[in-house]
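Below, chain A is the first sequence line, B the second, and so on; all start at residue 1.
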Amino acid sequence: MFDPELLERPSVEVAPLLLGAFVHGRGVTVRLTEVEAYLGEMDPGSHAFRGQTRRNAVMFGAPGHLYTYFTYGMHVCANVVCSPDGVATAVLLRAGEVVDGLELARERRSTSKRDADLARGPARLVVALGIRLDDDGANLASGDITLELAHSASEFRQGPRTGVSGAGGTDAYPWRFWIPGDPTVSPYKATVPKRRVAPSTL
DNA sequence: GTCGAGATTATCT
DNA sequence: GATAATCTCGACC
């Protein structure tokens, strides 16, 4: 399905490779259009920044596995674990375009009106693919959730991450990657600390 | 189209 | 008890 050695690099290098890749999840296939890299212990925005815990243990393990976690009480997000065993980097799957299993994805995401919204956003993508919290640690080379890397590299842009609280949300960590012009890329802006400034100076 | 606020629970200190 | 890699909805332009 994919060359495991490709994922043994830090997530900032792996992230662009995942753009345009396909994720197959329980009858639905998504083409990734937006991802974010997390650099483990070096990265204030990463769950692994403060060391290994029960939740992020998978991130410290071998690459090519799925790291899922619960957030905000109601949502699940999914990552692809990168770097060799013992190094905790991962790529968060932020958004994608449903290319197969469209009707099933619509059922799972009954609240979204447009097809472009089916997998636009980390938690939405997880729901569309039927990924559950207990898929944590699943092998992406075989199983219910699989990854299929694109045959050729996609054009991409990169910029600050969104939704990350604290120091990790600044533009000091421009580790969000997306395919420009794609309608399925999340519209969310970087978390700005209540900026209500004069619009004239923009 | 943009902006702001509330929901809700596993995990960590 | 506090926190959180988010989503949805309502108000307004």
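- If you look at A/H75 and A/F70, their ring centroids are not closer than 6.0 Å.
- Of all nucleotides listed (B/dT11, C/dA5, C/dC7), B/dT11 comes nearest to the side chain of A/R54.
- To the nearest angstrom, P of C/dT8 lies 11 Å from CG of A/L118.
- A/R50 has a side-chain polar atom (N or O) that falls below the 4.0 Å cut-off from OP1 or OP2 of B/dT13.
- Judged by distance alone with a 3.5 Å cut-off, a donor-acceptor contact links the side chain of A/Y69 to the base of C/dA5.
- Between the side chains of A/Y67 and A/H47, a donor-acceptor pair is found at a separation under 3.5 Å.
- Following rounding to the nearest Å, A/Y173 (OH) and C/dA5 (P) show an atom-to-atom distance of 14 Å.
- The backbone N or O of A/T33 lies less than 3.5 Å from no partner atom in the side chain of A/E97, so there is not a single donor-acceptor pair.
- Distances shorter than 4.0 Å separate none of the side-chain N or O atoms of A/T71 from OP1 or OP2 on C/dT6.
- The side-chain ring of A/Y38 is stacked on the base of C/dA5, judged by centre separation under 5.5 angstrom and plane angle under 30 degrees.
- Nearest-nucleotide positions on DNA chain B for A/G73 and A/R55 put A/G73 closer to the 5' end.
- Summarising the geometry, the separation between NZ on A/K113 and P on C/dT8 is reported as 11 Å, rounded to the nearest angstrom.
- Heavy-atom distances to DNA chain B give each of A/N56 and A/Y72 a nearest nucleotide, and the one nearer the 5′ end belongs to A/Y72.
- Among B/dC12, C/dA5, C/dT6, the nucleotide with an atom closest to any side-chain atom of A/H75 is C/dT6.
- In terms of hydrophobic clustering, with Ile, Leu, Val, Met, Phe, Trp and Tyr side chains grouped at heavy-atom distances under 4.5 Å, A/V164 and A/M42 are assigned to different clusters.
- Heavy-atom minimum distance, A/G130 versus A/R108: N-NH1, 3.4 Å.
- Atom CZ of A/F70 is separated from atom C1' of C/dC7 by 13 Å (rounded to the nearest Å).
- Here A/R120 does not reach the OP1 or OP2 of C/dC7: none of its side-chain N or O atoms lies under 4.0 Å away.
- Spacing between atom CG of A/L92 and atom C1' of C/dA5 amounts to 6 Å, rounded to whole angstrom units.
- The nucleotide C/dT6 finds its pairing partner in B/dA7, both defining distances of the Watson-Crick or G-U wobble pair being shorter than 3.5 Å.
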message = For a side chain to side chain contact (heavy atoms under 4.5 Å, CB included) check, start with the C-alpha distance between A/C82 and A/V91, then their side-chain angles and the critical distance, and finish with the verdict.
response = CA-CA 7 Å; A/C82 303; A/V91 176; 3.7 Å; yes
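- Put simply, CZ on A/R108 is 19 Å from C1' on C/dC7, counting in whole angstrom units.
- Considering only side-chain atoms of A/N79, the nucleotide from B/dA7, C/dA5, C/dC7 that sits closest is C/dA5.
- Between A/R109 and C/dT8, a side-chain N or O to OP1/OP2 separation shorter than 4.0 Å is present.
- Residue A/H47 places at least one side-chain N or O under 4.0 Å from the OP1 or OP2 atom of C/dA5.
- Closest to the side chain of A/M59, out of C/dA5, C/dT8, B/dA10, is C/dA5.
- Base pairing of B/dG1: its partner is C/dC12, meeting the Watson-Crick or G-U wobble criterion (both donor-acceptor distances under 3.5 Å).
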